[in-house]
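Report on one structure; see the data block that follows.
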Amino acid sequence: EVQLVESGGGLVQAGGSLRLSCEVSGFTFDDYAIGWFRQAPEKEREGVACISRSGGSTHYVDSVKGRFTISSDNTKNTVYLQMNSLKPEDTAVYYCAAHRLRCTVALPLGQAYYYIDYWGKGTLVTVSS
């Protein structure tokens, strides 16, 4: 059974930090790029960060560059999203997703879905002002 399980969300004050984890099972970790998406209330889901299958490249949406860092631990089949200098506008449910072939942060969401085989159920991040 394929599973992507997110954890690490919670409530934090603006300027604070959180680290999200996405533990995957049921497929070969190295065969997929793993990305993080988020969806705020009444907003469209957006790609936030992604790490390539080899772990050799990372991609970020402009709004999180310099604040968020994505990394992976192949020994644990886990991808992390370190989020620093959090802002209230970062409040959202954060999802991880397994991508065939490529990361999709730079693509419109409709195109991104084409490359995504699996989703996690999400973890809520709330940043208070």
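The closest donor-acceptor contact from the side chain of S54 to the backbone of G56 lies under 3.5 Å. Between the T104 side chain and the A112 main chain, no donor and acceptor come within less than 3.5 Å of each other. Between the side chain of H99 and the backbone N or O of A33 there is at least one donor-acceptor pair closer than 3.5 Å. In this structure a side-chain-to-backbone donor-acceptor pair under 3.5 Å is present from S52 to S57. R45 places no side-chain N or O within 3.5 Å of a backbone atom of R38 that could act as its donor or acceptor partner. Under a 3.5 Å cut-off, the side chain of T91 and the backbone N or O of E89 do not form any donor-acceptor pair.
For E6 and K121, the salt-bridge test fails: no basic side-chain N is under 4.0 Å from an acidic carboxylate O. In this structure, R67 pairs ionically with D90, as a charged nitrogen and a carboxylate oxygen lie closer than 4.0 Å. The residues K65 and D62 are annotated as salt-bridged, a charged nitrogen and a carboxylate oxygen being separated by less than 4.0 angstrom.
Residues L18 and L86 share a closest heavy-atom pair of N-CD1, 3.9 Å. Considering all non-hydrogen atoms of both residues, L124 and A92 come closest at CD1-O, 3.6 Å. Here the closest non-hydrogen pair linking V79 and S72 is CG2-CB, 4.0 Å. The two residues G9 and L20 have their closest heavy-atom pair at N-CD2, 3.6 Å.
For residues 14-25, the set of pairs meeting the side-chain hydrogen bond (donor to acceptor under 3.5 Å, both in side chains) definition, not counting sequence neighbours, comprises S17-N84.
Sparse packing is recorded around OH of Y114, with 12 or fewer heavy atoms of other residues, nucleotides or ligands lying under 6.0 Å away.
Geometric assessment of R53 against the ring of Y32 yields a negative cation-pi assignment under the 6.0 Å and 45° thresholds. Taking the ring axis of Y115 as reference, the NZ or CZ atom of R102 stays within 45° of it and closer than 6.0 Å to the ring centre.
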task = Kindly indicate, with the supporting measurements, whether the criterion side-chain hydrogen bond (donor to acceptor under 3.5 Å, both in side chains) is fulfilled by D30 and T28.
result = CA-CA 6 Å; D30 291 345; T28 303; over 6 Å; no

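Ring pair Y118/F27 is parallel by interplanar angle, where below 30° counts as parallel and above 60° as perpendicular.
Tracing side-chain contacts under 4.5 Å through hydrophobic residues (I, L, V, M, F, W, Y), one reaches Y94 starting from V61; they form part of the same cluster.
Taking the six-membered ring for Trp, W119 and F37 have ring centres closer than 6.0 Å.
Under the side chain to side chain contact (heavy atoms under 4.5 Å, CB included) test applied with Y60, the options V105, V48, T69 reduce to a single match, T69.
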